[in-house]
Amino acid sequence: MPQIELASLDALADWLDRPVPPSQWLTITQERIDEFAHATGDDQWIHIDPERASAESPFGATVAHGFLTLSLLSRIMSDTVQIHGVRMGVN
């Protein structure tokens, strides 16, 4: 259930400069990263090669794509905010 319920889209303006509550936890698996790499053609080793990333990356493991993280904003929004009276939303 969303943590913020707004009566209308106009009420969203009242949330400018205010923090949004955290969303539900979402585990980003290597499988999800690999699928995103396949879908976007971004198959850099830092994302899809756990062995090489473990040995050569300063992070010690693979790293999710920045655009994968960004694309999850629609999921985060649906976890945290519900705006009543909206028939359809478009990213």
Side-chain angles (χ1 to χ4, degrees):
M1 184 78 164
Q3 299 155 335
I4 298 172
E5 292 197 36
L6 303 174
S8 68
L9 190 56
D10 291 336
L12 189 58
D14 296 336
W15 278 88
L16 290 177
D17 297 322
R18 292 176 63 186
V20 175
S23 66
Q24 297 295 315
W25 284 101
L26 177 64
T27 301
I28 304 300
T29 64
Q30 187 62 52
E31 179 182 15
R32 184 181 289 242
I33 293 170
D34 292 345
E35 288 173 353
F36 190 85
H38 178 73
T40 62
D42 184 353
D43 59 356
Q44 293 185 41
W45 64 267
I46 192 90
H47 303 303
I48 64 166
D49 189 338
E51 289 181 21
R52 184 173 177 189
S54 177
E56 297 180 34
S57 166
F59 307 109
T62 57
V63 177
H65 303 76
F67 282 124
L68 170 57
T69 305
L70 182 63
S71 72
L72 293 171
L73 284 177
S74 59
R75 158 72 190 274
I76 292 167
M77 181 76 163
S78 68
D79 281 354
T80 58
V81 178
Q82 180 178 1
I83 303 171
H84 297 281
V86 176
R87 293 185 331 178
M88 178 181 69
V90 178
N91 293 341

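Please read these numbers as outputs of a predicted model, since none were measured by experiment. Hydrogens, waters and symmetry mates play no part in the numbers below; they use all other heavy atoms, side chains included.
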Other ILVMFWY residues reachable from M88 by side-chain steps of under 4.5 Å: V90
Is any side-chain heavy atom of [X] closer than 4.5 Å to a side-chain heavy atom of [Y]?
| X | Y | value |
| --- | --- | --- |
| H65 | I33 | yes |
| W15 | V81 | no |
| L72 | R32 | yes |
| W45 | E56 | yes |
| T80 | I4 | no |

Separation of D79 CG from W25 CH2 (nearest 0.5 Å):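 Going from CH2 on W25 over to CG on D79, the span is 12.5 Å.
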Looking at every heavy atom in both [X] and [Y], which two are closest together, and how far apart are they?
| X | Y | answer |
| --- | --- | --- |
| V63 | F59 | CG2-CD1, 3.5 Å |
| L6 | L12 | CD1-CD1, 3.6 Å |
| F36 | F67 | CZ-C, 3.7 Å |
| S71 | L68 | OG-O, 2.7 Å |

Hydrophobic cluster identity match, M77 and L70, side-chain contacts under 4.5 Å: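 No, it is not one cluster - the side chains of M77 and L70 are not joined through contacts under 4.5 Å.
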Polar side-chain atom of Q30 near backbone of H47 as donor-acceptor pair, under 3.5 Å: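 Yes, Q30 side chain to H47 backbone: donor-acceptor pair under 3.5 Å.
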